[in-house]
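Numbered from 1 within each chain, the chains take letters A, B, ... in sequence-line order.
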Amino acid sequence: MQSLITIDQVADYSSKEVGPIIVALAFVIGLGGMTAAAVVLCGWRGTKSMGVNWTQKRVEIVCR
Amino acid sequence: MSVATSFTQYCPLLLGGDILSLSPSFLLHGKFLRDVPIGATHKLRPPGDIILSALQYGITFGSLCGLAEELGITEPQLIETLGFLNCAGGLRRRRTLQGWLIAMRYTAIHAPTGAINPALSWRQRLSYKSLAYATLRATWPVVLLGILVATVAIVSGIISTVTGLYAMGYALPLFVTSIYIHELAHTYVLRFANIKTDVMQLRLRLGVMHRKASRKVELYCAVAGPSAGIGLCIPGMFYGLTRHVLVIWAASAAIAIIHLAGLLPLYGDGASIRRSWQNSEAI
C-alpha cells in the first residue's frame with residue numbers, strides 16, 4: 001500500500017514531554033495503592049499511621 | 001521516506017457526522033503540506049492532495065470517506081493519512097452532543113476487549129492562554145486522582161484533614177503550575193532565539209513544537225524547563241524546612257524530583273540534552 005504523504009526528514013513529531021506527568025501519575029497511583037491497602041488491611045478508619053521504610057524497602061501500615 | 005503504516009494506530013475514533021478540518025499550523029501549497037512552526041514540508045501523492053484540500057475547508061468524515069472512494073483511495077490509506085495528521089497535531093474535529101454519546105457507547109463496548117481508540121491531539125499557536133489550557137488538559141488525570149486519593153485518605157482517617165487539604169490545596173496546584181512554568185521556560189528560550197512555537201497536547205503528553213534549532217539553543221531550551229520547574233518548588237521546600245511544615249516540604253520536594261526525572265536521558269528534555277551532546281561530539 002503506497003502512502004499518500006511522504007514525511008519531510010526534518011519533522012520530529014515525537015519530541016513531546018511525557019516524563020514529569022507520567023512520573024507524577026505513577027506517584028499518585030502509588031499513594032492511592034498504599035491508601036487502598038491500608039483501608040483493606042485495617043478497615044475503614046482503622047489505620048493509625050502509614051509510612052515507607054526506605055532502608056528495608058517496604059511500606060509499613062499500623063492499625064489502631 | 002514514506003509514511004510508515006504505524007501512523008494508522010494514531011487515527012482517533014471518527015464518526016460519520018464528525019466535521020474534520022486541518023489545523024491552521026498546516027498550509028497546503030499544491031502537492032505540498034507545510035507545517036509552518038516545524039519548518040517541515042511534506043510531499044503529497046495524488047490524489048492525497050485532494051483529500052487534504054477537502055480537509056482544509058472542513059468536511060464530515062462520512063463525506064471524506066465517500067470522496068476517498070471516488071478517488072480510488074483505500075480505507076487503510078485514508079486512516080493512515082488521518083493518523084499522521086493526528087500524530088502531528090494537524091487534525092481538528094467537531095462533534096455534536098449526540099455524536100459524543102455514540103462515541104462513548106462505542107468506547108465502552110470496545111474497552112473490555114482492550115481496544116482503546118487513540119485520543120485526538122490538540123495543537124495551537126502558543127500563547128499564555130493556549131499553554132494554560134493545554135497544561136490543564138494534560139494534567140487533569142493527575143489532579144483528579146490526587147483529589148480522590150486525598151479524600152479517601154482523609155475520610156478513612158489515614159491522614160488528618162489539614163494534611164489532606166495541604167495536599168489538595170498546595171501540592172496539586174503547585175504541580176500544575178510547575179508544568180506550566182516548565183513549558184513556558186522552553187518557550188522563552190526559543191523566543192529569545194526567534195523561533196516560533198506551537199503547543200501540542202495528546203493525553204498525558206505535553207510539548208512545545210518548533211523547528212530544529214542550533215545545538216546551543218536546544219541545550220539551553222532542554223535545561224530551562226526542568227530548572228524552572230525545580231526553581232518554583234524551592235521556596236516551598238525552604239518554607240517547609242524553616243517552619244517545620246513537613247507536608248509542604250515533602251510535596252515541594254516530590255514535585256522537584258518529578259521535574260528532575262525529566263532530565264533523565266531516556267525521554268523528553270533529557271533525550272534532547274543527550275542528542276545535543278552527541279551532535280557536539282560528532283562535530
Side-chain angles (χ1 to χ4, degrees), chain A, chain B residues 1-3 5 33 35 38-45 47-48 51 73-74 76-77 80-81 84 87-89 138-139 141-142 145-146 148-149 152-153 156-158 175 179 182-183 200 202 204-207 209 211-212 225-226 229 254-255 258-259 261-262 264 266-272:
Chain A
M1 180 189 77
Q2 205 170 358
S3 301
L4 298 177
I5 299 181
T6 303
I7 300 179
D8 190 342
Q9 296 279 3
V10 305
D12 182 10
Y13 294 114
S14 62
S15 55
K16 293 176 286 296
E17 297 181 43
V18 67
I21 299 174
I22 286 277
V23 170
L25 190 64
F27 181 69
V28 174
I29 289 172
L31 287 179
M34 283 167 56
T35 305
V39 171
V40 166
L41 290 171
C42 300
W44 198 249
R45 299 200 73 84
T47 306
K48 189 176 175 184
S49 68
M50 187 169 73
V52 179
N53 189 328
W54 297 104
T55 48
Q56 293 181 355
K57 294 188 181 69
R58 63 182 187 190
V59 173
E60 291 173 343
I61 299 169
V62 179
C63 301
R64 292 185 204 280
Chain B
M1 186 185 82
S2 61
V3 172
T5 51
L33 180 68
D35 185 341
I38 302 286
T41 303
H42 310 296
K43 195 174 172 187
L44 301 170
R45 188 179 71 82
I51 292 291
I73 295 171
T74 63
Q77 283 178 312
E80 183 189 66
T81 304
F84 163 72
C87 189
T139 57
V142 176
L145 196 61
L148 185 66
V149 169
V152 169
S156 62
I158 296 170
F175 169 68
I179 297 290
H182 179 129
E183 297 302 325
M200 182 160 160
L202 176 62
L204 298 175
R205 288 170 173 259
L206 173 68
M209 309 288 285
R211 62 174 168 81
K212 271 202 170 95
I255 292 166
I258 284 167
H259 283 281
L264 290 172
L266 307 168
Y267 44 72
D269 296 324
S272 292

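- A distance of 5.0 Å separates CG of L206(B) from CD1 of I21(A), quoted to the nearest 0.5 Å.
- Counting only distance, with no hydrogens or angles, the side chain of D8(A) and the backbone of T41(B) share a donor-acceptor pair below 3.5 Å.
- Top candidate by heavy-atom pairs under 4.5 Å with chain A, chosen from L145(B), T81(B), I38(B), is L145(B).
- No part of L264(B) comes within reach of chain A, as not one of its non-hydrogen atoms sits under 4.5 angstrom from that chain.
- Chain A forms more heavy-atom pairs under 4.5 Å with one residue of V142(B), I179(B), I255(B) than with any other, namely V142(B).
- In this structure, R45(A) and I158(B) have side chains that are not in contact, with every pair of non-hydrogen atoms separated by 4.5 Å or more.
- Checking E80(B) against S3(A) by side-chain atom types alone, a donor-acceptor pair falls below 3.5 Å.
- Between the Q77(B) side chain and the L4(A) main chain, no donor and acceptor come within less than 3.5 Å of each other.
- Here the side chain of H42(B) pairs no donor or acceptor atom with the backbone of I7(A) at under 3.5 angstrom.
- Of all the heavy atoms in P141(B) and L204(B), the pair that sits closest is CG-CD2, 3.9 Å.
- Considering all non-hydrogen atoms of both residues, G89(B) and M200(B) come closest at N-CE, 3.6 Å.
- Here the CD1 atom belonging to I22(A) is positioned 15.5 Å from the CZ atom belonging to F27(A), to the nearest 0.5 angstrom.
- When every heavy atom of P20(A) is checked against every heavy atom of F175(B), the shortest pair comes out as O-CE1, 4.2 Å.
- Using a 4.5 Å heavy-atom cut-off against chain B, the contacting residues of residues 47-64 of chain A are T47(A), M50(A), R64(A).
- Of residues 32-43 of chain A, those residues lying under 4.5 Å from chain B by any heavy-atom pair are G32(A), T35(A), A38(A), V39(A).
- Of the atoms belonging to A153(B), heavy atoms from both backbone and side chain fall under 4.5 Å from chain A.
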